[in-house]
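Residue numbering restarts at 1 for every chain, and letters A, B, ... go by the order of the sequence lines.
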Amino acid sequence: MIGQIVAIIVAGLVIAGLIAPREALSWWRRGEMDEPTIRWPSLDEAFGHPGDQPDDAVPAALPAEQGHYLVYLSGLGISGPDELPVVEIPLVERLAERIGRTRVIWQIYPYSVANTALTQGRRFSRVWQALARWKFEKNRLRALAFGINLRNAFQMFVSSDRRYGPVFNLAIADQIAAALIRNGYAPEHRRPVTLLGWSGGAQIAAGAAWYLAALGIPVRVMSMAGILSADPGLDRAQQIWHLRGDTDKVQSLGVLFFARRWPVFRDSPWNRARRDGRLEIIRIGPLKHAGKGGYFSAAPLLPDGREPREATVDQIVRVLVEAGLATDRAAPERG
Amino acid sequence: MGSWLGEYVNALMGTVGCGLAVDSSCAAQHLAQFAWAVPVGVGVVAGISLMVGQWALLAINRVGRWRTLLTLVASGLGTLLAAAIEAALVTGLGWLLLGGSPRIGAVLPSVLIAFAPYWLGFLVVLPYTGPGVARIVKVWHLLLLWQLLRPALGVGSTAALAVAAAAWLAAEAIDVAIERSPIRLRERVFCLVSGSPGLTGRDLMASAKMGEPR
């Protein structure tokens with residue numbers, strides 16, 4: 001019986017893996033990019049939606065340009081671009097409140113090449129809707145909601161794969177470029193952009209950095225407990241910060257999974273960045289990956305009396321301020 | 001005709017099953033029934049599966065349906081050619097290392113059946129694990145070749161391993177020489193058959209040159 005269950009799970013994983021690259025490859029095959037390179041989208045394109053979905057109207061005035069843009073790429077639990085996982089909302093809102101001279105952009109689903117929610121406009125939308133609902137219900141089916149994380153994890157592996165990553169990361173970079181335009185980014189001014197990737201989102205950030213740099217953006221990557229490979233995109237990031245909690249074992253999976261981060265591969269983009277002084281690993285206290293005591297949690301309080309999520313925000317803000325990219329709106333009141 | 005086809009498919013599947021289990025005597029039983037048809041079938045399907053494993057190449061090059069079909073068939077036939085080269089290497093190295101005069105016609109069916117693990121070549125599609133699967137399948141092929149060469153060459157285990165390993169290494173070396181040298185034979189054949197420029201993910205990245213907004 002147990003053997004059969006294991007066999008079914010393995011078969012399910014293999015099938016999920018086999019179809020994982022399909023979305024990115026189909027996107028490329030459809031030829032939505034007529035040339036094998038990236039370009040800035042027009043305003044109409046930036047407010048457009050894929051397929052038959054009606055496009056958003058281009059507003060009369062775009063948001064005012066900011067000196068710095070922080071693009072937040074969520075972790076594996078996200079299911080669409082319009083809604084962050086509940087647990088992440090307070091932290092992202094706090095970041096937006098606190099970071100000065102910066103626009104925080106989070107409306108990107110980093111595990112979909114067309115920024116399409118799992119719960120809308122897909123063949124199995126209803127299944128994903130049910131899974132997304134069960135995530136917040138206390139019943140036996142709740143465990144199945146992990147399917148969303150699993151699906152997104154496969155997309156993370158697609159991003160890290162040398163065969164599919166160039167296509168997948170191109171599409172995500174295209175989505176990020178469109179989001180920047182929607183938020184008032186003026187390409188000709190080349191304002192700095194920091195991609196803040198949480199967990200699996202850090203891999204997507206690293207992958208997209210390659211193409212965003214090709215657009216002329218001074219791009220930086222901030223990995224928040226990121227599970228990321230030694231992606232070639234890191235070569236084009238001006239600075240890489242890898243923030244990690246002392247008790248976070250999950251982020252260590254990145255080192256385990258992605259061999260080219262091992263010191264023996266001296267010429268990998270990760271180790272090259274380390275050697276060049278572009279990669280900084282920052283410990284942010286006794287934080288776990290998720291749950292109580294995790295980066296997003298409000299409790300238990302840390303020995304210094306701060307909430308764990310406050311400690312996370314403090315570190316992100318500190319890094320950005322020290323890099324001269326942003327200001328800390330909370331600094332004066334803290335004296 | 002229908003029953004012949006059914007029996008043939010049974011023999012093919014049985015042979016591949018024995019091959020995946022690295023059971024040479026079991027594979028030989030199925031061989032007796034259809035002679036060359038079964039080994040050739042194993043090789044062709046292995047080649048098609050390998051090409052399916054390289055789906056990214058077909059997709060990135062936006063190869064159309066008919067060209068895709070043609071490319072899959074060409075890959076199947078290419079595997080027959082690769083098996084023939086490996087069989088020639090086994091024959092030559094068998095003569096060199098063991099003496100005697102093994103015939104290529106006697107060795108080729110065994111070499112073709114040793115391609116049975118490549119039926120799993122489609123698994124190379126898997127993101128992240130795919131390249132690892134490709135390596136496992138290669139080593140699996142070597143193990144099966146070793147087991148099948150014992151009866152084919154009529155030699156003991158150590159001698160069969162020496163010939164199988166030498167032939168396998170030589171075949172790998174030829175493959176690398178053809179692929180990494182200016183000849184780039186496989187790439188040229190792929191471009192010709194698929195009617196595509198032979199773009200890879202690396203080309204996509206290279207075309208996005210640093211700081212050149214368009």
Side-chain angles (χ1 to χ4, degrees), chain A residues 13-22 24-31 33 35-40 153-171 173 177 187-188 190 203 207 210-219 229 231-233 235-236 257-259, chain B residues 20 48-69 71 117 119-137 179 186-187 190-191 194-214:
Chain A
L13 287 174
V14 169
I15 291 169
L18 289 174
I19 59 176
R22 197 189 65 90
L25 295 179
S26 299
W27 172 84
W28 174 257
R29 251 182 193 271
R30 281 197 301 272
M33 284 220 163
E35 287 177 56
T37 190
I38 191 166
R39 62 174 174 79
W40 281 103
F154 274 111
Q155 295 305 311
M156 181 192 79
F157 285 125
V158 166
S159 166
S160 69
D161 192 300
R162 292 288 169 93
R163 300 162 298 168
Y164 313 120
V167 172
F168 182 90
N169 297 328
L170 171 62
E188 62 276 18
R190 298 194 176 196
Q203 165 55 43
W210 180 273
Y211 293 104
L212 292 174
L215 286 174
I217 299 175
V219 63
S229 68
D231 196 284
D235 278 336
R236 290 187 171 181
F257 283 161
F258 301 112
Chain B
L20 294 178
I48 291 172
S49 184
L50 270 174
M51 196 64 234
V52 171
Q54 301 298 324
W55 200 257
L57 265 185
L58 295 166
I60 287 175
N61 287 287
R62 294 171 178 154
V63 178
R65 265 183 213 166
W66 289 109
R67 286 284 194 170
T68 295
L69 200 65
T71 310
W119 276 43
L120 301 177
F122 71 94
L123 290 176
V124 174
V125 162
L126 289 170
Y128 172 68
T129 48
V133 169
R135 288 185 197 106
I136 290 171
V137 166
E179 212 41 50
R186 202 187 307 146
E187 190 184 320
F190 174 81
C191 293
S194 66
S196 74
L199 277 178
T200 63
R202 197 176 292 220
D203 297 321
L204 287 191
M205 291 182 73
S207 67
K209 291 193 174 62
M210 181 69 179
E212 289 186 9
R214 288 155 44 87

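How far CG of Leu58(B) is from CZ of Arg29(A): 6.5 Å, rounded to the nearest 0.5 Å. Separating the CD1 atom in Ile19(A) from the CG atom in Leu126(B) is a distance of 11.0 Å, to the nearest 0.5 Å. With rounding to the nearest 0.5 Å, the separation of NZ in Lys209(B) from CD1 in Ile38(A) is 14.5 Å.
When all heavy atoms of Met210(B) and Ala213(A) are compared, the closest pair comes out as SD-CB, 3.7 Å. Minimum interatomic distance between Arg163(A) and Pro127(B) (heavy atoms only, all atoms of both residues): NH2-CA, 4.1 Å.
Annotation: side chain to side chain donor-acceptor pair (under 3.5 Å) contacts of Ser26(A) (sequence neighbours excluded): none. Residues passing the side chain to side chain contact (heavy atoms under 4.5 Å, CB included) test with Ser160(A), sequence neighbours excluded: Phe157(A), Gln203(A), Ser229(A), Phe258(A).
Contact count versus chain B (heavy atoms, under 4.5 Å) is highest, among Asp161(A), Leu25(A), Leu18(A), for Leu18(A).
For Leu57(B), no part sits under 4.5 Å from any heavy atom of chain A, backbone or side chain. Looking at Val52(B), neither its backbone nor its side chain comes within 4.5 Å of chain A, counting heavy atoms on both sides.
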Start with the C-alpha gap between Leu204(B) and Trp210(A), add the side-chain angles, then the distance that decides, and say whether side-chain contact (heavy atoms from CB on, under 4.5 Å) holds. CA-CA 11 Å; Leu204(B) 287 191; Trp210(A) 180 273; over 6 Å; no
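Between Tyr164(A) and Val125(B) the shortest side-chain heavy-atom distance falls below 4.5 Å.
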